[in-house]
Amino acid sequence: MSFIGEIIEITIRSVTISLSATILSSLWSIPLSLIIARSRSRMTKALMGVLNSLIGFPTVLVGLFLYIIFSSSGPLGGLGILYTPFAIMIGEALLITPLLISLSYEIFSKAYYEYWETSITLGATPAQAFMKLITERFEDIIVVLLIGFSRAIGELGVALMVGGNIRGFTRVFTTTIALEVSKGNFDIALFLGFILLIIVSTTSAIIRIMGGRKSD
Amino acid sequence: MSFIGEIIEITIRSVTISLSATILSSLWSIPLSLIIARSRSRMTKALMGVLNSLIGFPTVLVGLFLYIIFSSSGPLGGLGILYTPFAIMIGEALLITPLLISLSYEIFSKAYYEYWETSITLGATPAQAFMKLITERFEDIIVVLLIGFSRAIGELGVALMVGGNIRGFTRVFTTTIALEVSKGNFDIALFLGFILLIIVSTTSAIIRIMGGRKSD
Amino acid sequence: MIELRDVWFSYNSGKPIIHGVNLRLSNEITIIIGPNGAGKTTLLKIIACLYKPDKGDVLIDGVNFWKLKSKEKLIMRRKIVYVHENPVLFKGTVMDNVTYPLIIRGHSLEKAREKALKLLKSLKLEYLTDRKRNELSAGEFQLVAIARAIISGAKYIVLDEPTSNLDLEHRIVLESIIREIVKSGKQVIIATHDRLFALKLNTEIIEINNGEIRSILHSKDLYQEIEEFIKKAGKKSLNS
Amino acid sequence: MIELRDVWFSYNSGKPIIHGVNLRLSNEITIIIGPNGAGKTTLLKIIACLYKPDKGDVLIDGVNFWKLKSKEKLIMRRKIVYVHENPVLFKGTVMDNVTYPLIIRGHSLEKAREKALKLLKSLKLEYLTDRKRNELSAGEFQLVAIARAIISGAKYIVLDEPTSNLDLEHRIVLESIIREIVKSGKQVIIATHDRLFALKLNTEIIEINNGEIRSILHSKDLYQEIEEFIKKAGKKSLNS
Amino acid sequence: YNQSVKIRISTTTSLYATGLLDYLYDEFKENHSNVVVQFIAVGSGAALKLAEQGDVDMVFVHAPNLEADYIKRGIITNHTIFAYNYFIIVGPKSDPAHIANLTPIEAMKSIYNSCENGQALFISRGDQSGTHQRELLLWNLSGLNPFNKSWYIETGSGMSETLLVANEKNAYTISDIGTFLKLKGDGRLPNLVKLVDKGKILINIYSAYIVETAKTNSDTQKVIKSLMKFILSDTGQELIGSFGVDKYGQPLFYPAKGHEDELREIWQWFVDLAK
Ligand SMILES: Nc1ncnc2c1ncn2[C@@H]1O[C@H](COP(=O)(O)OP(=O)(O)OP(=O)(O)O)[C@@H](O)[C@H]1O
Ligand SMILES: Nc1ncnc2c1ncn2[C@@H]1O[C@H](COP(=O)(O)OP(=O)(O)OP(=O)(O)O)[C@@H](O)[C@H]1O
Ligand SMILES: [Mg+2]
Ligand SMILES: [Mg+2]
């Protein structure tokens, strides 16, 4: 395949995997953050402290940990998902979970009480009150998801350890960049970074501007 | 040096570098985020989009970029800071800047207007109003700094490219972990990760609990 | 009917704010008055089943609310709406806000809008339909929050200082809407400092202080008090 | 003296909210009344130099505020305090809030506390000294915000609906404090719907509507209006 | 085998990074369209570790004494040497230790002395990679112990990063030929030159193994066999010998064909020396 063709292929794969990972992760991270925001105990604060510190946990270790689990001699080896795009997606979804929970928690912990109470007094079921909170903070949640996506697409450790950087199959932006750096192809690496930057930043700028238009 | 001795040395170095980087970065990130929060133009939204997308930018590329600048043939080669702990600190401070600005912006953009206006109407100078905003959101800023610290201490690319992972001089947690992984010493890598986790999460849990005690 | 039996309540900080209150709200309209910090808001929130008493029972139509299972609680909650003294409006337009209670009760968007528009008109607020919450004056904001509660069709409508930001005209409008509401068998409970409003509503007034019921009056008991006040103030003005 | 000259103002949304207002605030106390959405709050914020008019000048003691350099603006700003109709309190205790304007003006913490305590006492609020903002009732909250503004010693004190959540007693306390303030050459400007309060303050009243000055009255002009209202309401009560 | 068959090969990053493996595979695919070969490029130690975990079917490595250990434990079998080249000793243009044209062992001694005199620095990869193993062997054979010397800098990172450090610090180091030529050609190593590149002790031997711990079926085994066969075939060996000539002006690898016994002996010699 041509150089450009390969870059396009890698771009599509990276975006697909990281976007799926972000959406997957939001399925548990956002409800969890709401539940945590509801509780105001000392325990919750400690839990948030731990989650905050997990945000920057070395991705290579997350990758290693997942590798051990997914490896054929590991507990989930039977699933045979090691070195597949699916494994990267799962791994990234887990990786960004502390980030998504922490950021959503900050959003909800402020707004939680007043919007929740208001919805409830107007007759909302807990599920409806949850939904209200989420629509109320919709733009903020989009920002959180963008940050999560940016983190997912930019991380290396998980993609490398459970994806394997297999050409034409699990090779994504960051693993390509790492490979090019190890080849000494700094120019190509920087070029790839530039493309990544353009893609992520235009998407996110557009989403923010659009989001801004209908906010409040 | 003994294995344990080396780990202790690496721990102290990692924490010192990343803590300094976080404090350094906050010196420009927090004022900048306040300035951005003040403006409510379309441009600002786009800028925030770009900053959000930089949060997850591959650290190896940031490292590579800084390497090119700091290398003896680069524009700042004359400073001779390449492959020193100082270079890592600068690099990490820059790396976490988009994260710190984005998170602080989210904090201030909500509170900005009402607290600013109130301080001003009570006779505060702009500097005093800034200070009021910061004290008003003090706990949140601490959380932001914790997240920044966690990101700094957990990143690999910058430490590797501008630090060089030189044993006894610029070797930090993540570069050690990456090294052990490449050696196939998965157990040691996981052990190091465990220590890192304990250090960062206990610190941050304690800070959050303490912060919580005197909040509101 | 809502009934409180020996209700005690305290905030985290400790000392009880509500001291063994017994209360039967059987009038169409009940007004609660009392000085700042008397416990009016706290009491209303207990009545609206938002705060759980430390001790004592809250009975809604004879059912002990805090002994219900969460499913039954929901059904019961829909019988009561509460408007906070500093209400919050949701993001979106005034229309979105006012239709919300209908939408979550499963009404169609169309019907909800129709009803909302009718209500806004009767409150002389139709010009606000498409406004966002940050484009409202204080009084407009308060009226929209009240409209949003009233539209729910709930049996018990609990209003905390509903007139604090209203002009004379809107006070009269609100008064007449309240009169209409109670005609259909509903009950309205209001905490207020607005003695003129209390006087006009012409109903039973519960006076509380320090978390206890001090006396139960009737609007007409306020008449004398206010008239004297006016006389004094008026004389001063006329003399000046 | 504060003077507005042909002031126009509109929010982002476009149509002007304040239409060419000319105003000289020369009385010790000035009251602004008008229906909801008339533009009272907007006008007060222009007077307090928070909103810059689209057109026209705001003169504070003869100085055109919006033509000043930012350093001079600061000095001028310290002459005016403004209390929002929905004020915000800062984190920390009531004491921290009330001392804030003194602290930023360079007073020692000790002196500031002393002054604050005295003021809180005169407002009958000393029991709130160590409370946090989320532990206050609506009226307490409002009083603290007012106290925080008054303590600054500013020459012009602009209050937006200061009595909306106050009980009778605190209205009287506030009235007497305002009277005391103006004795020392200060000026108070108040927007309110509270006609009884306006009546008692016994001063000039500016009535605005749709962003224009409709008439300039005097408190005593309200007397008749209110008395009639009371009579009607009272008769209804007495007959029921 | 009629359905498609997938095999996984773990390999050292430096070998994969040259592009040789993808180049060979593209050729192999021509006649084996049903076969998917997936390369997992990691550090030498990790490559073998993946084999131990049973996650790959083959390994391609260049670290004889590590390999010997895994062979002994029965994890990898069918040792096949398919290519070789030479490590090189590189250093500053000024060559303060005067090692140009010395034998590798003499060069190491000279570097040591010059470093002790404060005239030079030495950069070690310090990551137990094939390259690092060879460096340790060279020190060992020279009878010198540089560890814990202030001039002995361990980078614990990949070849390119290590070369950059050496360039920056005007120091000596040991490199594989491919990475050095690539970076040099890009102008990233203005201060470094190749000083020593001959001698049996610098021979870098690339071996392929079949992983015993992998859960393979008969189809996979057939593919592995034919892949091995292909690499050693005339076509395969020619491809290896000609790879990179167009880019670097010289081959990066020499085919093992014709030198099998000799290379095996040298491989064993390295294993024995390391003990
Ligand atoms: N969250 C809280 N924590 C501690 N004390 C509180 C809290 N909320 C209210 N209080 C106190 O409880 C008392 C009753 O408050 P409440 O809000 O019920 O008074 P209120 O009668 O509604 O007064 P207002 O007329 O000013 O609205 C007050 O003294 C108040 O300071
Ligand atoms: N941010 C805004 N954007 C657009 N319109 C606004 C905004 N703020 C206020 N308005 C409108 O401007 C008009 C004047 O508002 P203002 O708040 O000055 O009224 P007010 O006289 O203080 O009313 P109230 O007695 O209800 O407090 C109102 O119609 C209001 O809806
Ligand atoms: Mg109240
Ligand atoms: Mg107003």
Side-chain angles (χ1 to χ4, degrees), chain A residues 42 45-65 67-68 99 102-103 106-107 110 140 143 146-157 161 173-174 177-178 181 186 189-190 192-193 196-197 199-209 211-212, chain B residues 42 45-62 64-65 67-68 99 102-103 106-107 110 140 143 146-157 161 173-174 177-178 181 186 189-190 192-193 196-197 199-209 211-213:
Chain A
R42 186 72 45 99
K45 298 230 166 214
L47 176 66
M48 287 314 299
V50 174
L51 279 171
N52 286 165
S53 68
L54 275 170
I55 289 174
F57 199 62
T59 61
V60 59
L61 278 182
V62 181
L64 181 57
F65 186 73
Y67 162 75
I68 289 169
L99 181 64
S102 287
L103 297 183
E106 296 304 325
I107 289 171
K110 299 278 152 1
D140 295 314
V143 171
L146 278 174
I147 292 176
F149 172 72
S150 153
R151 171 83 170 131
I153 206 169
E155 76 79 36
L156 172 64
M161 296 297 292
F173 255 115
T174 49
I177 288 169
V181 169
F186 295 168
L190 285 174
L192 287 170
L196 176 64
L197 187 61
I199 292 173
V200 185
S201 65
T202 40
T203 326
S204 97
I206 290 170
I207 292 178
R208 287 206 81 149
I209 293 174
Chain B
R42 186 75 42 98
K45 298 229 166 214
L47 175 67
M48 288 314 299
V50 174
L51 280 171
N52 286 164
S53 68
L54 275 169
I55 289 174
F57 198 63
T59 60
V60 58
L61 280 181
V62 181
L64 183 56
F65 186 73
Y67 161 77
I68 289 171
L99 181 65
S102 287
L103 297 183
E106 296 305 325
I107 288 171
K110 299 279 153 358
D140 295 313
V143 170
L146 278 174
I147 292 176
F149 172 72
S150 152
R151 172 82 170 130
I153 206 170
E155 78 79 37
L156 172 64
M161 295 300 293
F173 253 115
T174 48
I177 289 168
V181 169
F186 294 172
L190 286 175
L192 287 170
L196 176 63
L197 187 63
I199 292 172
V200 185
S201 65
T202 40
T203 325
S204 100
I206 289 170
I207 292 177
R208 285 207 82 148
I209 293 176
R213 201 171 292 161

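By convention in this document, chain letters (A, B, ...) are assigned in the order of the sequence lines, proteins followed by strands, and residues within each chain are numbered from 1. Since the structure is predicted, the reported quantities are computational estimates derived from the model, not experimental observations.
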(Q) Can you confirm whether more than 12 heavy atoms, excluding those of B:Phe65, are under 6.0 Å from its CZ atom? (A) no
Q) Partners of B:Ser204 by side-chain hydrogen bond (donor to acceptor under 3.5 Å, both in side chains), sequence neighbours excluded? A) none
**Q.** Among the listed options B:Gly157, B:Gly148, B:Gly154, B:Ala152, the residue most often paired with chain A at heavy-atom distances under 4.5 Å
**A.** B:Gly154
Q. Which one, B:Val60, B:Leu197, B:Val62, leads in non-hydrogen pairs under 4.5 Å with chain A?
A. B:Leu197
Q. If you round to the nearest 0.5 Å, how far is OG of A:Ser53 from CG of B:Leu146?
A. 8.5 Å
Q: Work out which heavy atom in A:Leu61 is nearest to a heavy atom in B:Ala189; give both atom names and the distance.
A: CD2-O, 3.4 Å
Q: Find the one option among B:Thr174, B:Leu192, B:Ile199, B:Val181 whose heavy-atom pairs under 4.5 Å with chain A are most numerous.
A: B:Val181
Q) Does the side chain of A:Met48 reach to within under 4.5 Å of the side chain of B:Val143, using non-hydrogen atoms? A) no
Q: Tell me, please, which residues at least two apart from A:Tyr67 pass side-chain hydrogen bond (donor to acceptor under 3.5 Å, both in side chains).
A: E:Asp55
Q) Nearest 0.5 Å, what's the CG-OG1 distance between B:Leu156 and A:Thr59? A) 7.0 Å
Q) Using a cut-off of under 4.5 Å for heavy-atom pairs, which of A:Ile68, A:Thr202, A:Asp140 has the most such pairs with chain B? A) A:Asp140
Q. Relative to chain A, which segment of B:Ile107 carries a heavy atom at a distance below 4.5 Å: side chain, backbone, both, or neither?
A. neither
Q: Identify the heavy atoms of B:Phe57 and A:Ser150 that sit nearest to each other, and give their distance.
A: N-OG, 4.4 Å
Q: Name the region of A:Leu103, side chain, backbone, both or neither, that has any atom closer than 4.5 Å to a heavy atom of chain B.
A: side chain
Q. Non-hydrogen atoms of chain B under 4.5 Å away: do they reach the side chain of A:Val50, the backbone, both or neither?
A. both
**Q.** Side chain, backbone, both or neither of B:Leu47 within contact of chain A (heavy atoms, under 4.5 Å)
**A.** neither
Q. Which answer fits A:Leu99, side chain, backbone, both or neither, if we ask what part of it has an atom under 4.5 Å from a heavy atom of chain B?
A. neither
**Q.** Any A:Leu190 side-chain heavy atom under 4.5 Å of B:Leu64 side chain
**A.** yes
